[in-house]
*Asks:* 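Take this structure first; my questions come after.
Both backbone and side-chain heavy atoms feed into the values below; hydrogens, waters and symmetry mates do not. Everything quoted here is computed from the prediction, not taken from an experiment.
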Amino acid sequence: MAEGVEEVPKLDHVDGSTCHFTDGSTRDIDAIILCTGYQHHFPFMEDRLRLVTDNVLYPDKLYKGVFWEDNPNVMYIAMQDQYYTFTHFDVEAWLARDHVLGRFKLPSKKEMRADIEEWMKREGQCENAFDEIDFQADHVRDLMALTDYPDFDVQKTVEQWKEWEHDKDEQHRGLSEQVLRFADHRFAGPCTMATPWLQKMDDSMQSFMTDIVSPEPASPH
């Protein structure tokens with residue numbers, strides 16, 4: 001267990017800022033983060049504000065994948081099925097920030113609805129994982145164009161994602177010589193890690209920063 005992380009029993013109930021666990025112990029907390037994985041489950045939201053969706057690349061009712069269509073002051077981050085994961089989360093958060101700060105002005109509700117439908121239509125035309133990677137890369141590009149998000153070579157990441165997807169598919173079909181090695185394939189980039197993925201048990205900031213090495217040319221095969 002990483003330093004600063006504590007495993008506790010199942011949560012029974014919350015009283016104010018105190019969590020009560022099934023073994024009778026308690027902890028005073030500042031915040032609860034609900035990590036639902038691929039399940040979109042928001043019982044704490046009012047019906048008129050609650051996102052109900054399957055795990056898709058572009059959920060309905062979210063303008064730019066972020067703003068609740070019927071009340072854009074409600075914003076959802078990272079509700080999409082993911083390839084880009086944290087890069088996508090980050091650029092969505094920048095757009096949400098800009099809206100809160102008054103830098104990004106929302107269009108009319110009619111324009112938002114048209115934009116949502118256009119993205120959903122395009123998602124419906126995706127035939128395979130490569131199409132989906134292109135789709136989400138374009139979503140990232142679209143969000144970047146609306147903010148001052150730092151520029152990076154999105155097309156290069158598209159090529160790398162497709163190579164990664166190919167390697168993963170070979171693993172699933174039993175063609176990879178070493179099943180657990182696909183996640184260790186090196187790709188040229190600013191955050192190449194020295195420690196093999198399967199041995200990377202410490203997710204602390206210090207471990208991450210000291211494990212970064214100079215980028216190497218992609219040579220997964």
Side-chain angles (χ1 to χ4, degrees), residues 30-126 129-162 164-165 187 189-191 203 205 208:
D30 295 318
I32 295 176
I33 301 174
L34 180 64
C35 302
T36 60
Y38 294 108
Q39 302 298 318
H40 297 79
H41 182 55
F42 305 105
F44 50 86
M45 297 291 284
E46 294 183 18
D47 289 345
R48 61 191 178 89
L49 301 175
R50 182 181 298 126
L51 176 66
V52 179
T53 181
D54 294 326
N55 192 40
V56 296
L57 292 171
Y58 211 93
D60 195 6
K61 298 186 74 64
L62 291 181
Y63 175 64
K64 297 303 180 186
V66 175
F67 303 98
W68 186 245
E69 180 183 4
D70 294 329
N71 184 347
N73 288 324
V74 175
M75 290 162 273
Y76 285 87
I77 303 295
M79 294 298 104
Q80 298 79 17
D81 191 5
Q82 289 293 329
Y83 286 94
Y84 277 80
T85 55
F86 289 111
T87 304
H88 199 185
F89 305 163
D90 200 31
V91 72
E92 287 186 333
W94 279 55
L95 186 61
R97 175 208 64 184
D98 282 359
H99 173 61
V100 170
L101 295 177
R103 299 173 183 169
F104 174 68
K105 302 299 183 182
L106 292 164
S108 67
K109 185 172 181 179
K110 181 179 179 180
E111 291 173 305
M112 288 194 291
R113 168 68 355 212
D115 190 77
I116 293 169
E117 290 179 354
E118 182 62 30
W119 280 99
M120 291 175 61
K121 177 182 177 181
R122 181 179 165 187
E123 181 188 2
Q125 297 170 343
C126 291
F130 284 7
D131 290 345
E132 293 174 349
I133 290 168
D134 286 331
F135 177 92
Q136 192 156 89
D138 284 346
H139 187 195
V140 170
R141 289 186 180 102
D142 185 47
L143 297 173
M144 288 174 62
L146 298 173
T147 71
D148 59 348
Y149 193 82
D151 191 27
F152 68 97
D153 191 345
V154 179
Q155 186 55 39
K156 181 177 181 179
T157 67
V158 168
E159 295 165 3
Q160 292 176 340
W161 272 123
K162 290 181 178 180
W164 172 87
E165 180 64 30
F187 297 92
C191 295
D203 62 355
M205 178 66 74
F208 178 81

*Asks:* State, yes or no, whether a side-chain contact exists between V52 and H40 at a heavy-atom distance under 4.5 Å.
*Replies:* no

*Asks:* Does R48 pair with D70 as a salt bridge, N-O distance under 4.0 Å?
*Replies:* no

*Asks:* Atom CZ in R122, atom CD in E118: separation rounded to 0.5 Å?
*Replies:* 9.0 Å

*Asks:* Is there a donor-acceptor pair under 3.5 Å between the side chain of Y76 and the backbone N or O of L51?
*Replies:* yes

*Asks:* In terms of the angle between their ring planes, are W119 and Y58 parallel, tilted or perpendicular, with boundaries placed at 30° and 60°?
*Replies:* parallel

*Asks:* Can you name the nearest heavy-atom pair linking M75 to A96, along with the distance?
*Replies:* SD-CB, 3.6 Å

*Asks:* Starting at CG of D138, measure out to CG of L143 and round the result to the nearest 0.5 Å.
*Replies:* 11.0 Å

*Asks:* Within the structure provided, determine whether H139 and L57 are in side-chain contact (heavy-atom separation under 4.5 Å).
*Replies:* no

*Asks:* Quick one: closest heavy-atom pair of Q80 and G65, and the distance?
*Replies:* NE2-O, 2.9 Å

*Asks:* For K162 and D134: C-alpha separation, side-chain torsions, deciding distance, then whether side-chain contact (heavy atoms from CB on, under 4.5 Å) applies.
*Replies:* CA-CA 9 Å; K162 290 181 178 180; D134 286 331; 3.1 Å; yes

*Asks:* Considering all heavy atoms of both residues, which atom of P43 and which atom of R50 are nearest to each other, and what is their separation?
*Replies:* O-NH2, 3.5 Å

*Asks:* How long is the span from the CG atom in L49 to the NZ atom in K61, to the nearest 0.5 Å?
*Replies:* 10.0 Å

*Asks:* Treating E123 as the side-chain partner and V56 as the backbone partner, does any N or O pair qualify as donor plus acceptor under 3.5 Å?
*Replies:* no

*Asks:* Donor-acceptor pair, E92 side chain versus M79 backbone, under 3.5 Å?
*Replies:* no

*Asks:* Measure up the W161 and Y83 rings against each other and bin them: parallel (under 30°), tilted (30 to 60°), perpendicular (over 60°).
*Replies:* perpendicular

*Asks:* Rounded to the nearest 0.5 Å, how far does CG of D151 lie from CG of D153?
*Replies:* 8.0 Å

*Asks:* Donor-acceptor pair, distance only, cut-off 3.5 Å: does the side chain of Q136 make one with the backbone of Y84?
*Replies:* yes

*Asks:* Can you check whether T85 reaches H88 side chain to side chain, under 4.5 Å on heavy atoms?
*Replies:* no

*Asks:* Run the side-chain contact (heavy atoms from CB on, under 4.5 Å) check on V154 and M144 step by step: do they pass?
*Replies:* CA-CA 10 Å; V154 179; M144 288 174 62; 4.0 Å; yes

*Asks:* Go through the side-chain N and O atoms of S108 and E111 and say whether any donor and acceptor fall under 3.5 Å apart.
*Replies:* yes

*Asks:* Tell me, do I77 and V66 make a side-chain contact under 4.5 Å, heavy atoms counted?
*Replies:* yes

*Asks:* Sort out for me which residue in L62, V74, L95 forms a side chain to side chain contact (heavy atoms under 4.5 Å, CB included) with F67.
*Replies:* L95

*Asks:* Which of parallel (below 30°), tilted (30 to 60°) and perpendicular (above 60°) describes F152 and Y149?
*Replies:* perpendicular

*Asks:* As an exercise, state the distance from CD of E69 to CG of L106, rounded to the nearest 0.5 Å.
*Replies:* 11.5 Å

*Asks:* Can a salt bridge be assigned to the pair D60 and R113 using a cut-off of 4.0 Å between side-chain N and carboxylate O?
*Replies:* yes

*Asks:* Salt bridge or not between R97 and D148? Use side-chain N to carboxylate O under 4.0 Å.
*Replies:* yes

*Asks:* Check the pair D115 / M112 against side-chain contact (heavy atoms from CB on, under 4.5 Å), numbers first and verdict last.
*Replies:* CA-CA 5 Å; D115 190 77; M112 288 194 291; 5.7 Å; no

*Asks:* For Q125 and D131: C-alpha separation, side-chain torsions, deciding distance, then whether side-chain contact (heavy atoms from CB on, under 4.5 Å) applies.
*Replies:* CA-CA 8 Å; Q125 297 170 343; D131 290 345; over 6 Å; no

*Asks:* May I ask you to check whether over 12 heavy atoms, not counting those of F86, lie within 6.0 Å of atom CZ?
*Replies:* no

*Asks:* Is there a side-chain contact between F104 and L146 in this structure, where contact means two heavy atoms from C-beta onward sitting under 4.5 Å apart?
*Replies:* yes

*Asks:* Please check if the side chain of H99 supplies one atom and the backbone of N73 the other of a donor-acceptor pair under 3.5 Å.
*Replies:* no

